[in-house]
S.K.: 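Below is a structure I'd like to ask you about.
By convention here, the first residue in the shown sequence is residue 1. All values derive from a computational prediction rather than experimental measurement.
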Amino acid sequence: MSKTSQQNTATDANGVSVIHSQAHSSGLQQVPQLVPVSPGGGGKAVPPSKRGKKNSFVDRNSDEYRQRRERNNMAVKKSRLKSKQKAQDTLQRVNQLKEENERLETKIKLLTKELSVLKDLFLEHAHNLEDNVQPVGTETTTTNPEN
């Protein structure tokens, strides 16, 4: 079996040489190899989205251009409205949280005051109990003048 192969070299728009080779006898396909044209490594890679726009002329009077501009303007309006609505929702939520915070602060003050009153009542009651309870072994004897 003899192997014969052909190589074709072509340069694309970015200055990169592409080598296409075909192996006749093996039946396998080879993947094209990318080789820079200049020894310095070539230029920057350009993404596909940016390639055709550099030299393309846009006719501003065409229907296609008008439709694209209209769609873009609608998308921009929609985006700005969405952003504005989100800001309004956030502001509304902030105001709700501030009101709730004020209510909770008021409730804390009220409960703290109530706790203080209840502590005072408890301490007063405990003090009164101490005064009324006599210690064990110190009974008071009443003297009877008749005896």
S.K.: Would you compute the distance between atom CG of N101 and atom CD1 of I108 and round it to the nearest 0.5 angstrom?
M.R.: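 Spacing of CG (N101) from CD1 (I108) equals 8.0 Å.
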
S.K.: Just wondering, do T106 and K109 contact through their side chains at under 4.5 Å, heavy atoms?
M.R.: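 No, every pair of side-chain atoms sits at 4.5 Å or beyond.
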
S.K.: Would a 4.5 Å heavy-atom cut-off, applied to side chains only, mark E114 and L118 as touching?
M.R.: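 Yes; the side chains approach each other to less than 4.5 Å.
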
S.K.: Considering only heavy atoms from C-beta outward, does the side chain of K77 approach that of N73 to under 4.5 Å?
M.R.: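 In short, these two side chains do not touch, never coming nearer than 4.5 Å.
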
S.K.: By the definition side chain to side chain contact (heavy atoms under 4.5 Å, CB included), identify the one residue from K98, E102, R103, Q96 that meets it with E100.
M.R.: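 Going through K98, E102, R103, Q96 one by one, the side chain to side chain contact (heavy atoms under 4.5 Å, CB included) with E100 is satisfied by R103 alone.
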
S.K.: Looking at OG of S79 and NZ of K84, how far apart are the two atoms once the value is rounded to the nearest 0.5 Å?
M.R.: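 Separation between the atoms: 13.0 Å.
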
S.K.: Quick one: CG on L110 to CD on E105, what's the gap to the nearest 0.5 Å?
M.R.: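 If we round to the nearest 0.5 Å, L110:CG and E105:CD are 13.0 Å apart.
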
S.K.: Is H127 close to E124 at the side-chain level, that is, under 4.5 Å between some pair of heavy atoms?
M.R.: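 The answer is no; the side chains never approach within 4.5 Å.
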
S.K.: As an exercise, state the distance from CG of L115 to CG of D120, rounded to the nearest 0.5 Å.
M.R.: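 These two atoms lie 9.5 Å from each other.
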
S.K.: When you check the side-chain N and O atoms of N95 and E99, is any donor under 3.5 Å from an acceptor?
M.R.: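 No, no side-chain donor-acceptor pair sits under 3.5 Å.
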
S.K.: Is there side-chain contact between K82 and K86, with heavy atoms separated by less than 4.5 Å?
M.R.: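 They are not in side-chain contact.
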
S.K.: CG of L111 to NZ of K113: how many Å apart, nearest 0.5 Å?
M.R.: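 Rounded to the nearest 0.5 Å, the CG-NZ separation comes to 12.0 Å.
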
S.K.: Please report the closest heavy-atom contact between R60 and R66, naming both atoms and the distance.
M.R.: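 Of all heavy-atom pairs spanning R60 and R66, the closest is O-NE, 4.2 Å.
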
S.K.: Should R93 and D89 be marked as a side-chain contact (heavy atoms from CB on, under 4.5 Å) after you check the CA-CA gap, both sets of side-chain angles, and the distance that decides it?
M.R.: CA-CA 6 Å; R93 180 74 175 136; D89 291 346; over 6 Å; no

S.K.: For D63, I'd like to know if atom CG has over 12 heavy atoms of other residues, nucleotides or ligands within 6.0 Å.
M.R.: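 At most 12 heavy atoms, drawn from other residues, nucleotides or ligands, come within 6.0 Å of this atom.
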
S.K.: If you measure from CD on E70 to CG on N72, what distance do you get to the nearest 0.5 Å?
M.R.: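 It is 11.0 Å, given to the nearest 0.5 Å.
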
